[in-house]
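See structure below.
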Amino acid sequence: MEPRSTALLVIDVQQGFVNRHSRGVLPAIVQLVEGWRAAGAPVVFTRFHNTPGSPYETITGWTRLRSPEEQALATELVPFADAAAAVIHKDQASAFTPEGAQLIRDAGWTDLVLCGIDTDACVYDSARDAYHHGFRPWIVTDACASSGGPQYHDAALLMAARNIGPDHLVTSDVVLSRIHEAPEAQS
């Protein structure tokens, strides 16, 4: 992994998604962001907002993630936001909004390393869309969680192994060693 062509996408680690099922992953995400920044590689945050009249509301009746408090980044990540390469604001699960897709293309990133909340929704959908857009997605399994519980996290990883390949599911230690071993990170 080359730091210049590999971005870390921190998917929707927002107050409204942090709960008893997902809270435990925050230290791993912070460690990943710190390690990524130390390698001089780009970090991108996404922030989901559920607009009135969205399919989330009209089809499933889900009306959360509307208030500024729920949409705010988790407190642990706030110190990193100002130095991020970008923040993608989105009203859909995937980071591949028109603006997000354009940002990724314009930056010339080829590999997208994903962590965050929810593994079974926004992380998985972003990884799948990255794959379909011709980018190499990597899901950091120990830096993702589902606010619905571990069964949803595990199901999403099973689907990701099937649809983007089991070799694209990695741990924080593996991905950090790869980004720090890159020739650019050593100079």
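These numbers were taken from a predicted model, which means no experiment stands behind them.
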Is there a side-chain contact between His21 and Ser146, using heavy atoms and a 4.5 Å cut-off?
no
Count I, L, V, M, F, W, Y as connected when their side-chain heavy atoms are under 4.5 Å apart, and connections chain through other members. Are Val140 and Trp109 then in the same cluster?
no
Where do Ser126 and Ala95 come nearest, in terms of heavy atoms and distance?
OG-N, 2.8 Å
Going by the side chain to side chain donor-acceptor pair (under 3.5 Å) test, name the single residue among Thr119, Asp118, Thr141, Asp120 that passes it with His153.
Thr119
Check: Asp111/Trp138 side-chain N/O donor and acceptor closer than 3.5 Å
yes
When you compare the side chain of Ile179 with that of Thr6, does any pair of heavy atoms fall below 4.5 Å?
yes
Taking the side chain as every heavy atom from C-beta outward, state whether Ile104 and Leu112 have any pair of such atoms under 4.5 Å apart.
yes
Walk me through it: do Leu32 and Val175 pass the test side chain to side chain contact (heavy atoms under 4.5 Å, CB included)?
CA-CA 9 Å; Leu32 191 57; Val175 79; 3.6 Å; yes
In this structure, would Val25 and Val30 fall into the same cluster of hydrophobic residues linked by side-chain contacts under 4.5 Å?
yes
Look up atom CD1 in Ile11 and atom CZ in Phe45, then write down how far apart they are to the nearest 0.5 Å.
11.0 Å
Does the side chain of Pro55 reach to within under 4.5 Å of the side chain of Gln92, using non-hydrogen atoms?
no
Thr110 and Glu2 side chains, donor-acceptor separation under 3.5 Å:
no
Is there a chain of hydrophobic side chains (I, L, V, M, F, W, Y, each step under 4.5 Å between heavy atoms) that links Val13 to Trp36?
yes
If you define the side chain from C-beta out and look only at heavy atoms, does anything of Val87 sit under 4.5 Å from Val44?
no
Should Ile29 and Val174 be regarded as members of a common hydrophobic cluster, given that ILVMFWY residues are connected when their side-chain heavy atoms come within less than 4.5 Å of each other, either directly or indirectly?
yes
Here the pair of heavy atoms bringing Val123 nearest to Ile139 is CG1-CG2, 4.3 Å
Answer yes when Glu57 and Arg64 have at least one side-chain N-carboxylate O distance shorter than 4.0 Å, and no when they do not.
no
Heavy-atom closest pair, residues Val18 and Ala74:
CG2-CB, 4.2 Å
What distance separates His132 NE2 from Ser94 OG, expressed to the nearest 0.5 Å?
10.5 Å
With distance as the sole criterion, is a donor-acceptor pair present between the side chains of Asn163 and Tyr124 under 3.5 Å?
yes
Paired with Asp12, the side chain to side chain donor-acceptor pair (under 3.5 Å) test is passed by just one of Lys90, Gln71, Arg47, namely Lys90
Checking side chain to side chain contact (heavy atoms under 4.5 Å, CB included) for the pair Cys115/Leu8: CA distance, chi angles, key distance, verdict?
CA-CA 8 Å; Cys115 66; Leu8 174 66; 4.1 Å; yes
Dump the intermediate steps for side chain to side chain donor-acceptor pair (under 3.5 Å) on Thr171 and Asp142, then the final yes or no.
CA-CA 6 Å; Thr171 64; Asp142 61 326; 5.1 Å; no
Can you check whether Arg66 reaches Thr51 side chain to side chain, under 4.5 Å on heavy atoms?
no
From CD1 (Ile117) to SG (Cys122), nearest 0.5 Å
10.0 Å
Nearest non-hydrogen partners of Ala145 and Ser22, listed with the distance:
CB-CA, 3.8 Å
Donor-acceptor contact present, side-chain Thr58 to main-chain Ser54, <3.5 Å:
yes
Minimal heavy-atom distance between Pro137 and Ala130, with the atoms involved, is CB-CB, 4.0 Å
Side chains of Thr97 and Ile88, heavy atoms from C-beta outward: is any pair under 4.5 Å?
yes
Students often mix this up, so state it plainly: with edges at 30° and 60°, are the rings of Phe48 and Phe17 parallel, tilted or perpendicular?
tilted
Residues, nucleotides or ligands: over 12 heavy atoms within 6.0 Å of Asp106 CG:
yes
CD (Glu181) and CZ (Arg178) are apart, to the nearest 0.5 Å, by 9.0 Å
For residues Ala39 and Pro3, report the shortest heavy-atom separation together with the two atoms involved.
O-CB, 3.9 Å
Are there over 12 heavy-atom neighbours, none belonging to Tyr152, within less than 6.0 Å of that residue's OH?
no
Are any non-hydrogen side-chain atoms of Leu65 and Gln14 less than 4.5 angstrom apart?
yes
Quick check: is Leu9 connected to Tyr131 through a chain of hydrophobic side chains (ILVMFWY, heavy atoms under 4.5 Å apart)?
yes
Just jot down the salt bridge (charged side-chain N to carboxylate O under 4.0 Å, His left out) partners of Asp125, sequence neighbours excluded, or say none.
Arg128
